[in-house]
Amino acid sequence: MMEQDLRNMLEKTLEKLEVKDQAIEIEVPNDRSHGDFSTNIAMKLARVLRKAPLRIAEDIVALLPKNKAFKDIAIAPPGFINFYIDKAIYYSVISEINTQREMYGTSTIGSGEHYNIEFVSANPTGSLHIGHARGAAAGDSLARILKKAGYKVTKEFYVNDGGNQIHNLTLSINARYQALFNQSVDMPEDGYYGKEIIALAESIKASHGDRFVKEDGYRFFRQYGVDYLLARLKSDLLAFGVTFDIWFSEAKLYENNTVEATINTLKEKGFTYEKDGAVWLKTSDFNDEKDRVIIKSDGTYTYLTPDIAYHQEKLSRGYTKLIDILGGDHHGYVPRLQAATEMLTGKRGVLEVDLLQMVKVVRDGEELKMSKRSGKAITLVDLITEVGKDPIRYFFAMRSLNTHMELDLDLALKETNENPVFYAQYAHARIASVMRQASEKGIHVNTLIDHFDTFDSEKIDTLLTVLVDYKNVIEEAAQKRIPHKITQYIHRLAQALHSFYAEEKVLSDNERATKERLALLYAVKIVLKDALSLVGVDAKESM
RNA sequence: GUUUCGGUAGCUCAGUUGGAUAGAGCAACGGCCUUCUAAGCCGUCGGUCGGGGGUUCGAAUCCCUCCCGGAACGCCA
């Protein structure tokens with residue numbers, strides 16, 4: 001709000017100087033001694049007006065309309081204009097937060113938008129591993145942030161239950177099952193060797209005995225295996241704080257003839273041709289490096305085909321944008337998928353793909369290589385049981401999606417301050433503790449105080465500026481889709497709190513001072529908890 | 001070879017629609033608990049922003065070139 005006032009003031013001033021079409025940049029300086037807001041407009045105009053930036057800055061300041069909220073306006077070389085806000089203006093944020101509670105910081109920048117975010121989408125052929133964990137954390141955090149920013153969001157998981165991998169899963173289950181009765185059946189090529197498949201086989205043995213030693217169990221194994229593993233995926237994700245609005249089955253695409261219909265649409269629009277007995281899609285006309293086969297010469301589909309149909313199905317539901325969160329190893333797959341959605345919609349940019357780079361796992365200073373064949377991999381469940389949900393959620397949220405990241409298990413396993421999540425949770429617990437003691441002393445916390453006579457420290461000013469900044473942070477994190485903006489904010493707020501806490505006692509003999517500070521802490525607690533919830537981390541009442 | 005992500009402090013990472021002395025955590029070092037939780041606070045140390053050119057009043061950020069590492073380049077999924 002202050003920023004908007006400032007923008008209007010500057011626009012009027014530029015009109016007086018007869019400057020047109022000049023975008024005004026207003027930023028919050030990193031160094032607060034440079035003011036609460038700052039603009040580089042004078043430097044931008046140097047070339048246009050052919051005048052020294054400092055002189056232009058002087059002219060602007062002289063012509064600025066008066067506004068008592070800006071206590072001080074200063075010019076700094078090489079030409080910045082810095083604005084200092086009367087701190088008393090900031091005090092109103094306290095009752096604002098305490099009134100709006102978890103609605104504080106909510107934005108409307110996303111209104112009218114309905115995003116569909118597809119993430120994880122792991123095949124139901126085994127346990128979720130560390131890469132899926134990163135995807136789950138990223139997708140879920142993004143969804144929460146977008147909602148906070150006013151977007152409508154649907155979270156979706158695509159279940160690949162129609163392809164060849166399920167066939168291999170079924171054969172793998174059979175091999176494991178037969179082995180329990182000393183029958184030697186070879187694992188299929190590209191079989192699944194995870195220990196969860198052995199557990200699955202044992203569970204079949206427990207319920208059905210040796211029935212499938214004599215009788216063919218293919219159909220049963222297939223259905224049982226998918227159901228069993230899908231149920232595990234759901235419960236593992238739930239333990240990680242991640243839920244989905246829609247679990248979409250690939251098999252449904254065939255039942256509803258969506259695949260066939262989509263192929264026909266593409267054919268009718270003239271985007272296909274036949275060559276070497278196969279049907280190709282002209283994706284190279286839409287930024288792909290070459291055309292792609294959608295129907296192989298043996299008549300079956302490639303992986304791409306049902307996936308295009310799946311995106312067509314999502315598009316038909318009326319979202320304003322589709323977001324896929326994929327592993328970075330799929331980057332080559334992105335152009336063909338975007339080409340297909342452009343063919344179907346006639347529009348570019350309907351599908352956006354956020355790529356996650358690999359997670360390198362380190363233990364004892366050495367990289368842990370994942371082996372698919374032996375089923376040796378760090379699973380999500382392992383991480384949750386060994387380290388806990390919160391540190392892992394926080395750790396993943398801290399990194400930008402696009403960066404290669406390293407997960408040091410020795411470090412993650414430590415329950416020390418090396419895990420940054422404790423720092424934030426501790427801040428929240430400290431406030432909770434003060435609140436408890438206040439109530440024991442019979443102090444009533446009036447959260448709606450709007451007069452603050454006893455605030456006289458820089459620590460409080462810092463705390464207030466961070467609280468005021470919350471909405472801006474939400475909006476930037478949502479628009480740029482960068483969850484780590486939120487963890488940075490959490491750290492900033494926790495730091496301001498700890499620093500304040502160390503400097504002065506909240507519960508003092510001065511009744512007025514005590515009440516004012518309790519109202520402030522109450523507001524900090526609300527925002528801290530809300531920000532943590534955006535990255536799927538619980539706030540603790542005590543530690 | 002092509003595409004793509006990355007190379008910023010000892011380590012892990014922010015910062016890249018050009019802007020003020022390049023930031024944070026951890027590690028290291030020095031202080032602070034008879035007072036609301038020391039999982040904390042206060043301070044110090046620490047960087048040729050991979051190398052080299054160029055554009056600009058101003059470059060970690062934009063352009064060119066080279067070097068190093070991850071990943072992908074199927075009528076697999």
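Within every chain, numbering begins at 1; the chains are lettered A, B, ... in the order of the sequence lines, protein sequences first and strands thereafter. Note that these values count all heavy atoms, side chains included, but never hydrogens, waters or copies made by symmetry.
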Measure from NE2 on A/His330 to P on B/rC73 and round the result to the nearest Å.
-> 9 Å

B/rA27 C1' sits how many Å from A/Asp408 CG, rounded?
-> 13 Å

How is A/Glu189 classified with respect to the nucleic acid when contacts are heavy atoms under 4.0 Å: base, sugar-phosphate, or nothing?
-> nothing

Give a yes/no verdict on a cation-pi contact between A/Arg399 and A/Phe395, requiring under 6.0 Å between NZ or CZ and the six-membered ring centre and an angle within 45° of the axis.
-> yes

Using a cut-off of strictly less than 4.0 Å, decide whether A/Lys360 has a side-chain nitrogen or oxygen near OP1 or OP2 of B/rC13.
-> no

Taken to the nearest whole Å, NE2/A/His491 to C1'/B/rC26 is 10 Å

Salt bridge (charged side-chain N to carboxylate O under 4.0 Å, His left out) between A/Glu541 and A/Lys525, worked out | CA-CA 10 Å; A/Glu541 293 297 311; A/Lys525 187 165 180 279; 3.4 Å; yes

Under 4.0 Å between any heavy atoms, over every strand shown, what does A/Lys540 touch: base, sugar-phosphate, or nothing? Just pick one.
-> nothing

Describe the nucleic acid contact of A/Asn82 in one word from base, sugar-phosphate, nothing, applying a heavy-atom distance below 4.0 Å.
-> base

Shortest side-chain distance from A/Phe80, nucleotide among B/rA39, B/rA20, B/rA77 | B/rA20

Strand partner of B/rA71, provided both Watson-Crick or wobble distances fall under 3.5 Å = B/rU3

Candidate nucleotides B/rU35, B/rG19, B/rA72, ranked by approach to the side chain of A/Met43 - the nearest = B/rG19

Specify the glycosidic conformation (syn or anti) of B/rC33, with syn defined as within 90° of 0.
-> syn

Just how far, in rounded Å, is P of B/rG15 from CD1 of A/Ile482?
-> 6 Å

With a non-hydrogen cut-off below 4.0 angstrom, is A/Ala427 in contact with a base, only sugar-phosphate, or nothing?
-> nothing

Measure from NZ on A/Lys485 to P on B/rG23 and round the result to the nearest Å.
-> 15 Å

A/Phe422 CZ to B/rC26 P, in whole Å, measures 14 Å

Which is true for A/Lys480 with a 4.0 Å heavy-atom rule: it touches a base, it touches only sugar-phosphate, or it touches nothing?
-> nothing

Counting any heavy atom closer than 4.0 Å, what does A/Ser297 reach on the DNA or RNA strands: base, sugar-phosphate only, or nothing?
-> base

Using only side-chain N and O atoms of A/Lys296, determine if any of them is under 4.0 Å from OP1 or OP2 of B/rA77.
-> yes

Taking the six-membered ring for Trp, are A/Phe119 and A/Phe157 ring centroids under 6.0 Å apart?
-> no

Any A/His484 side-chain nitrogen or oxygen under 4.0 Å from OP1 or OP2 of B/rG15 | yes

Quick one: label A/Asn40 by what it contacts on the DNA or RNA (base, sugar-phosphate, nothing), any heavy atom closer than 4.0 Å.
-> base

Hey, which of these two, A/Ile295 or A/Leu407, hits RNA chain B nearer its 5' end, going by closest nucleotide?
-> A/Leu407

Please confirm whether any donor atom in the side chain of A/Thr302 sits under 3.5 Å from an acceptor in the base of B/rC75, or the reverse.
-> no

A/Asp509 CG: over 12 foreign heavy atoms closer than 6.0 Å | no

Is it true that A/Lys459 and A/Glu504 make a salt bridge, defined as a side-chain N closer than 4.0 Å to a carboxylate O?
-> no

For A/Asp276, answer base if it contacts any base atom (sugar-phosphate contacts may also be present), sugar-phosphate if it contacts only those atoms, and nothing otherwise; contact means non-hydrogen atoms under 4.0 Å.
-> base

Comparing A/Arg336 and A/Thr39 on RNA chain B - which has the more 5′ nearest nucleotide = A/Thr39

Could you tell me whether A/Arg336 and A/Asp291 have a side-chain N and a carboxylate O separated by less than 4.0 Å?
-> no

Charged N to carboxylate O under 4.0 angstrom, A/Glu11 versus A/Arg7?
-> no

B/rA14 OP1/OP2 closer than 4.0 Å to side-chain N/O of A/Ser400 = yes

Please determine if A/Lys314 and A/Glu156 form a salt bridge, counting it only when a charged side-chain N lies under 4.0 Å from a carboxylate O.
-> no

Please work out if A/Gln495 contacts a base, only the sugar-phosphate, or nothing of the nucleic acid, heavy-atom cut-off 4.0 Å.
-> sugar-phosphate

Do NZ/NE/NH1/NH2 and the carboxylate oxygens of A/Asp59 and A/Arg55 come within less than 4.0 Å?
-> no

Measure from OH on A/Tyr423 to P on B/rA38 and round the result to the nearest Å.
-> 13 Å

A/Ser508 near the nucleic acid: base, sugar-phosphate alone, or nothing, with a heavy-atom cut-off under 4.0 Å?
-> nothing

B/S/- along nucleotides 1-12 of chain B (protein heavy atoms under 4.0 Å) is --BSBS-----B

Complementary nucleotide for B/rA60 - Watson-Crick or wobble, under 3.5 Å = none

Step by step, work out the ring-ring contact (aromatic ring centres under 6.0 Å, His included) result for A/Tyr218 and A/Phe221.
-> CA-CA 5 Å; A/Tyr218 186 89; A/Phe221 288 146; 8.5 Å; no

Pairing partner of B/rU35 (Watson-Crick or G-U wobble, both distances under 3.5 Å) | none

Is A/Arg430 near enough to B/rA38 that one of its side-chain N or O atoms lies under 4.0 angstrom from OP1 or OP2?
-> yes

With a 3.5 angstrom cut-off on both distances, give the Watson-Crick or G-U wobble partner of B/rG25, or none if there isn't one.
-> B/rC11

Can you tell which of B/rC75, B/rG70, B/rC36 lies closest to the side chain of A/Met358?
-> B/rG70

Whole Å only: how far is the CG atom of A/Asn160 from the P atom of B/rA77?
-> 11 Å

